[in-house]
Amino acid sequence: MIRSKSRLAYQFAYRLSDEQKPKDANGKPKKVRETQFYSMLGTRGVWYKGWHVCTVHAPAPSNWGNFEKDIWELYCMDGDLKLELTPDPTQSRNLANDPKYADKLEQMKYMWFVQAGLYKGMPIDDRSAMGGDRPQLRPPAFAQDDPKDATFSYTYYPGGSEIPEAVAPNTRGRSYEIEAIVDFSTGETPKGVMIAHGGSFGGYSFYIYEGKLCYVYNWLGQQQQKITCPLSNLADEENTLKVVFNKKPNQQPDSKFGGSTIGEVQLYINGIKQNTTIEEAFPEYPDQFLTQPGKFGAGFNIGRDPGQPVSSDYEHEFEFFEFEGAKLKKVIVTIKNDAGAGAIDPETELIGMLWRD
């Protein structure tokens, strides 16, 4: 605000003189914002000293491409007294087609490319999730000609950082096994998370709690599915604790569960199938688990669950419910090549992630 003729009048900060601008500790005029750059999912624009330019382009996953053919629009949002333009904050008057503002349009387009260079706004990308090869952070687990019963295993050790979901084992739409190798020779009471992926809005966790071996699959934060068995007194230096999810390829859940996968879950201790109890499940599927088709939106951890907890069992525990009372040696995750071509729809998954964001 500045005072003019005994009244307060609004003035844009970038239009203030050095005398009018607020001062820093050294008495020098503070810098004010003159530019705002934007680029996301193929759309782009820039604001510069009251002017705004943008393109007409549908966002990803439109797969339009042809960015060099984009139509540009030009707006004088703050008004310009010299050009006798009144403010247009609602962007209702597109000046791009008026020859009087051709130079201004080119100046603003140039400004967008300058800002894109400064803030790494290139390349522009509006690709669909379907067409063409997509960049991969790691090679896929299976080749296209691998048999459906082929498996791929990942081995992890405790003490590492959280693993981003993009490079974590992809259990969506398929059968899988999780195997923890544990040393119980300390004689202490074991408890804590051996492996957790996701969080309170979707994920899974394999852990020991109150003397029981537990596996929880949290379906989109709406239903925790939990299977347990007693953990007998183990004292050996190497013991195998395993959970197995076997997909039912010929069984589809109710349509209200979307593209979820249904299957049976079983727990094993040292290779022996245990007598288990399913403590929580969907009422429609009391003896089976549903796994969600979309991503969890959170990372993958060994020996702890550091984010919003997957299971409500340990939501009030301290220190991320880290594994203790025994030594976790390693965890092996094995996935099976039975997801099927239609089990995971990348297009739907991408749209779902955009909705979530």
Side-chain angles (χ1 to χ4, degrees), residues 129 134 136-157 163-181 194-198 202-207 213-220 225-227 229 240-253 257-274 276 278 281-282 285 287-302 310 330-349:
R134 301 167 66 194
Q136 300 291 324
L137 295 180
R138 57 170 169 77
F142 303 105
Q144 291 184 350
D145 56 351
D146 283 344
K148 295 298 182 183
D149 59 352
T151 59
F152 190 92
S153 294
Y154 305 82
T155 301
Y156 300 94
Y157 298 89
I163 297 171
E165 184 167 24
V167 290
N170 181 3
T171 59
R172 301 190 305 279
R174 55 168 42 97
S175 303
Y176 59 89
E177 299 180 2
I178 300 171
E179 188 175 34
I181 311 301
M194 294 174 286
I195 178 175
H197 187 185
Y204 60 80
S205 180
F206 193 31
Y207 58 98
L213 182 62
C214 309
Y215 178 73
V216 163
Y217 192 100
N218 187 331
W219 191 87
L220 291 170
Q225 304 162 95
K226 179 181 177 182
I227 185 171
C229 72
T240 301
L241 310 179
K242 184 166 69 173
V243 57
V244 177
F245 175 80
N246 284 317
K247 172 185 175 180
K248 294 294 182 182
N250 299 320
Q251 186 175 355
Q252 296 295 324
F257 297 108
S260 296
T261 301
I262 191 167
E264 294 181 348
V265 179
Q266 187 57 54
L267 301 177
Y268 293 81
I269 298 178
N270 291 330
I272 301 174
K273 185 177 180 179
Q274 301 296 298
T276 57
I278 295 182
F282 281 102
Y285 305 101
D287 301 319
Q288 296 171 307
F289 276 26
L290 297 182
T291 63
Q292 64 187 57
K295 293 185 176 181
F296 300 132
F300 175 95
N301 290 274
I302 301 298
V310 173
K330 62 182 177 180
V331 176
I332 304 168
V333 180
T334 302
I335 60 175
K336 192 175 181 180
N337 188 33
D338 61 352
I344 302 172
D345 180 3
E347 194 78 30
T348 303
E349 185 175 280

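Position 1 is the first residue of the sequence, and the numbers go up from there.
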Distance-minimising heavy-atom pair for Q288 and Q225: O-OE1, 4.0 Å
Geometric class of the F245/Y176 ring pair [parallel <30°, tilted 30-60°, perpendicular >60°]: parallel
Approximate separation, where rounding is to 0.5 Å, of R174 CZ and T334 OG1: 12.0 Å
Criterion side chain to side chain contact (heavy atoms under 4.5 Å, CB included) on K336 and D149, from CA distance to verdict: CA-CA 6 Å; K336 192 175 181 180; D149 59 352; 4.1 Å; yes
Rounded distance (nearest 0.5 Å) linking atom CD1 of I181 with atom NZ of K242: 9.5 Å
Verdict with supporting geometry, F300 and I195, side chain to side chain contact (heavy atoms under 4.5 Å, CB included): CA-CA 8 Å; F300 175 95; I195 178 175; 3.5 Å; yes
Euclidean distance, L267 CG relative to Q274 CD, rounded to 0.5 Å: 7.5 Å
Interatomic spacing from CD in E179 to CG in L241 - rounded to 0.5 Å: 9.0 Å
Gap between atom OG of S153 and atom CD1 of I332 - 0.5 Å precision: 7.0 Å
Positive for ring-ring contact (aromatic ring centres under 6.0 Å, His included) with W219, one of Y285, F296, F282: F282
Geometric class of the Y215/F289 ring pair [parallel <30°, tilted 30-60°, perpendicular >60°]: parallel
Closest non-hydrogen atom pair, F257 against S260: O-OG, 2.7 Å
Gap separating the NE2 atom of H197 from the CD1 atom of I302, nearest 0.5 angstrom: 10.5 Å
All salt bridge (charged side-chain N to carboxylate O under 4.0 Å, His left out) counterparts of K226, not counting sequence neighbours: E279, D313
For the student: nearest non-hydrogen atoms of A196 and S205, plus distance: CB-OG, 4.1 Å
Heavy-atom donor-acceptor pair, S175 side chain to K247 backbone, under 3.5 Å: yes
Minimum heavy-atom distance between Y268 and V244, given as atom pair plus value: CE1-CG2, 3.7 Å
Side chain to side chain contact (heavy atoms under 4.5 Å, CB included) between I269 and L213, worked out: CA-CA 9 Å; I269 298 178; L213 182 62; 4.1 Å; yes
Donor-acceptor under 3.5 Å (D146 side chain, N337 main chain): no
Closest non-hydrogen atom pair between K295 and Q292, with its separation: O-NE2, 3.3 Å
Parallel, tilted or perpendicular, as decided by the 30° and 60° cut-offs, for the rings of Y217 and Y204: parallel
Smallest separation among heavy atoms of T276 and Q266, with atom names: CG2-NE2, 3.3 Å
